[in-house]
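Note sheet for the following structure.
The residues of the chain are indexed from 1 along the displayed sequence.
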Amino acid sequence: MFELQIIPAAILVLLLLLFITVSGNMSSRAKTTERLERKLDLVIKHLGIEGPAAEGIPPEALAEIDRCIWSDRRIEAIKLYRETTGHGLLEAKEWVDRRAASY
């Protein structure tokens, strides 16, 4: 009888350890990605590489659009550009495509 009570507790402990390990790996990857993005931003700025004009787009929104482009999430980038600027779908798509080509 005592052995039957230990099994669920052991499974629970194993699941908890698995969760802690997986969440630690995800956090580490997110930090690495953020660090790489900061370095890439510095390299782009140092080289003077510029995409299409970004007038009227707040820096935070532009950074998020760039992250979407770098992560190959162009539809999300187009949506963010449209929400930020109020431009139409075709103009937003063309702008995002030009920005992506400039990297």
Side-chain angles (χ1 to χ4, degrees):
M1 183 79 168
F2 180 70
E3 294 172 0
L4 293 177
Q5 293 175 349
I6 293 177
I7 293 174
I11 291 174
L12 181 63
V13 168
L14 288 174
L15 288 174
L16 182 61
L17 290 173
L18 179 64
F19 174 76
I20 290 170
T21 303
V22 169
S23 64
N25 287 341
M26 289 172 47
S27 175
S28 174
R29 286 187 184 132
K31 289 178 185 176
T32 300
T33 301
E34 289 176 15
R35 193 171 60 248
L36 287 172
E37 287 177 354
R38 282 194 306 270
K39 289 179 181 181
L40 184 58
D41 287 340
L42 290 172
V43 169
I44 289 171
K45 184 177 179 179
H46 177 73
L47 294 175
I49 299 172
E50 293 185 25
E55 296 95 16
I57 301 176
E60 300 83 23
L62 186 59
E64 183 61 29
I65 291 169
D66 285 340
R67 277 192 283 281
C68 290
I69 293 171
W70 293 332
S71 302
D72 201 27
R73 296 178 296 163
R74 294 225 181 144
I75 293 173
E76 191 175 341
I78 291 167
K79 180 181 175 189
L80 288 169
Y81 179 81
R82 290 185 70 198
E83 290 172 355
T84 304
T85 64
H87 291 129
L89 179 61
L90 182 59
E91 185 175 359
K93 182 188 179 312
E94 289 172 350
W95 187 90
V96 168
D97 288 344
R98 283 192 315 270
R99 186 133 181 114
S102 71
Y103 295 143

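- The side-chain heavy atoms of Lys39 and Val43, taken from C-beta on, include no pair separated by under 4.5 Å.
- In this structure, the side chains of Trp70 and Leu36 stay at 4.5 Å or more apart for every pair of heavy atoms.
- Atom NZ in Lys79 sits 12.0 Å away from atom CZ in Arg73 (nearest 0.5 Å).
- The two atoms that bring Gly88 and Arg82 nearest to each other are C-NE, 3.6 Å, heavy atoms only.
- Sparse packing is recorded around CD1 of Ile75, with 12 or fewer heavy atoms of other residues, nucleotides or ligands lying under 6.0 Å away.
- Side-chain atoms of Glu64 and Glu60, non-hydrogen and from C-beta on, never get closer than 4.5 Å to each other.
- Here the CD-CD1 distance, from Glu83 to Ile78, works out to 12.5 Å after rounding to the nearest 0.5 Å.
- Taken to the nearest 0.5 Å, the OH atom of Tyr81 stands 13.5 Å off from the NZ atom of Lys93.
- Of the inter-residue distances, the one linking Arg38 atom CZ with Thr33 atom OG1 reads 11.0 Å to the nearest 0.5 angstrom.
- A donor-acceptor pair is defined here as one N or O able to donate and one able to accept, closer than 3.5 Å; such a pair exists between the side chain of Thr85 and the backbone of His87.
- The distance from atom OG of Ser71 to atom CG of Asp66, rounded to the nearest 0.5 Å, is 10.5 Å.
- Two residues are said to be in side-chain contact when any heavy atoms from C-beta on lie closer than 4.5 Å; Arg99 and Leu62 meet this criterion.
- Taking CD1 of Ile11 as the start and CD1 of Ile6 as the end, the distance is 12.0 Å to the nearest 0.5 Å.
- Side chains of Ile69 and Ile65 form a contact here, defined as non-hydrogen atoms less than 4.5 Å apart.
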